[in-house]
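What follows is one structure encoded as structure tokens, with my remarks underneath.
When a ligand or atom number is given, it counts from 1 through the structure's own listing order.
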Amino acid sequence: MNDFKERNVEFQRAVPDVYGDAHPKGLLKSIQEDGEHLKQLSSQHIISSDQFGRDVLLQLFRLAAKFEANPQRFRTPLQGKILISAFYEPSTRTRLSFESAWHRLGGDIMSITDRSTTGIAKGESLSDVGEMFNNYGDCVVLRDTNESSVKDMMRSLRIPIINAGNGLDEHPTQALADLYTIFKWRPDLLSDSGEQRQPIRMGIIGVPNQMRTVRSLLKMLAIFPECLEEVVIIHDEEGDRIWDAGQLEQLQQAGLKITISTDMDKALPTLDVVYINAIAWKGDGFESYGASFVLDRKSPLKKHAIVLHPLARGDELSTDLDETPHNWYFSQARGAVFLRMALLTCMCERIERVMDVWM
Ligand code: CP
């Protein structure tokens with residue numbers, strides 16, 4: 001070790017050598033390329049996980065894997081385009097990963113992080129704000145506390161908008177990032193051969209009708225029911241209060257086998273993927289759920305189980321799991337940048353600039 005390093009031990013960079021060995025190569029190999037499907041995303045609004053079909057998702061994951069495998073290769077697909085990044089509710093990952101994705105693709109950004117600095121503070125409607133956004137940018141990413149916000153803005157928008165979280169409703173690009181992580185971890189799940197595909201058991205510690213991340217993830221999982229032996233919803237709410245009317249039935253009709261448990265430690269040793277979330281945004285604040293559920297090194301996880309979390313975390317996810325192979329939540333957050341790069345490239349009609357991806 002040289003002098004500089006010896007004197008600065010406590011300031012040395014953390015090198016992530018244990019968590020999430022999520023190299024995208026396996027995923028690239030397991031999806032046959034067909035960029036035609038991605039043209040369906042051109043100029044589309046992204047509001048809900050409901051909008052996606054299997055072929056589009058697979059090609060989106062493939063493009064994300066291509067970006068992730070070679071991050072230096074595509075620096076200009078969004079050159080000349082402007083993103084309006086409007087976050088009227090706090091965010092670390094979603095805002096910064098969308099902005100990072102846009103920067104990495106060569107575009108420019110206008111960012112609003114406080115609605116009180118805009119005309120909304122004077123009573124301006126989101127529809128009128130949207131009408132103005134048409135003049136200033138090529139794409140909008142909106143996070144807002146109200147479920148109706150994205151649709152209110154869509155009334156006047158002629159440029160595409162992405163729902164980056166609207167109250168209790170949905171967070172579709174988080175679900176895209178979640179699924180991208182799972183398929184990087186187990187690309188064999190996408191095998192056409194039933195013999196090669198070993199379906200997984202997934203636990204979701206959360207409340208499907210209170211958490212937008214869980215709602216969007218379940219819808220996304222329902223597009224790949226053959227990959228899941230069972231989804232176990234783990235919660236400590238009373239009765240059936242965890243579902244909206246028709247929510248469970250819709251998932252079951254799509255082919256998901258869903259069971260419910262209130263005993264996390266009993267369920268954990270049976271699970272291959274454990275997804276945990278504890279908060280739900282309500283109005284201008286958040287509520288916590290599942291106070292009795294804490295994942296830490298002592299939790300009875302399967303040896304090769306992975307843990308996912310949309311983050312931000314609270315007490316439910318101990319930092320003592322960070323340096324274990326169970327930690328795929330950091331990889332999940334990192335992969336979201338590449339997934340969002342893929343989505344933005346398609347929505348902003350710049351797929352032709354990465355067409356050599358398909359050769
Ligand atoms: N996952 C997620 O939505 O995180 P942020 O709230 O930090 O954007």
* Enumerate the residue pairs fulfilling side chain to side chain donor-acceptor pair (under 3.5 Å) with a member in residues 259-269, sequence neighbours excluded, ordered by first and then second residue. => Glu230-Thr259
* To do: Output the rest of the hydrophobic cluster of Ile279: all Ile, Leu, Val, Met, Phe, Trp and Tyr residues reachable through side-chain heavy-atom contacts under 4.5 Å, sorted by chain and number.
  => Trp281, Phe286
* To do: Take every heavy atom of Arg143, measure it against each atom of ligand 1, and state whether any distance is under 4.0 Å.
  => yes
* To do: Would you mind running through ligand 1 and noting each atom that sits below 4.0 Å from a heavy atom of Leu311?
  => 1 (N), 2 (C), 4 (O)
* Structure fact -> Of all protein heavy atoms, the one nearest atom 4 (O) of ligand 1 is Arg93 NE, 3.1 Å
* To do: Find out whether the Lys NZ or Arg CZ of Arg340 is both under 6.0 angstrom from the six-membered ring centre of Phe98 and within 45° of the ring's axis.
  => yes
* Is any side-chain heavy atom of Pro199 less than 4.5 Å from a side-chain heavy atom of Cys227? -> no
* Asked: Just which atoms of ligand 1 are under 4.0 Å from any heavy atom in Thr92?
  -> 5 (P), 7 (O), 8 (O)
* Taking only heavy atoms of His171 into account, list the atoms of ligand 1 that are under 4.0 Å away from them. => 2 (C), 3 (O)
* First locate atom CD1 of Ile223, then atom CG of Leu57, and finally report the distance between them rounded to the nearest 0.5 Å. => 5.0 Å
* Structure fact -> Min over Pro310, Ala333, Ala336 of heavy-atom distance to atom 1 (N) of ligand 1 lands on Pro310
* To do: Check each atom of ligand 1 against the heavy atoms of Gln174 and keep those under 4.0 Å away; list them by number with element.
  => 1 (N), 2 (C)
* Tell me yes or no: between the side chains of Gln252 and Lys257, is some donor less than 3.5 Å from an acceptor? => no
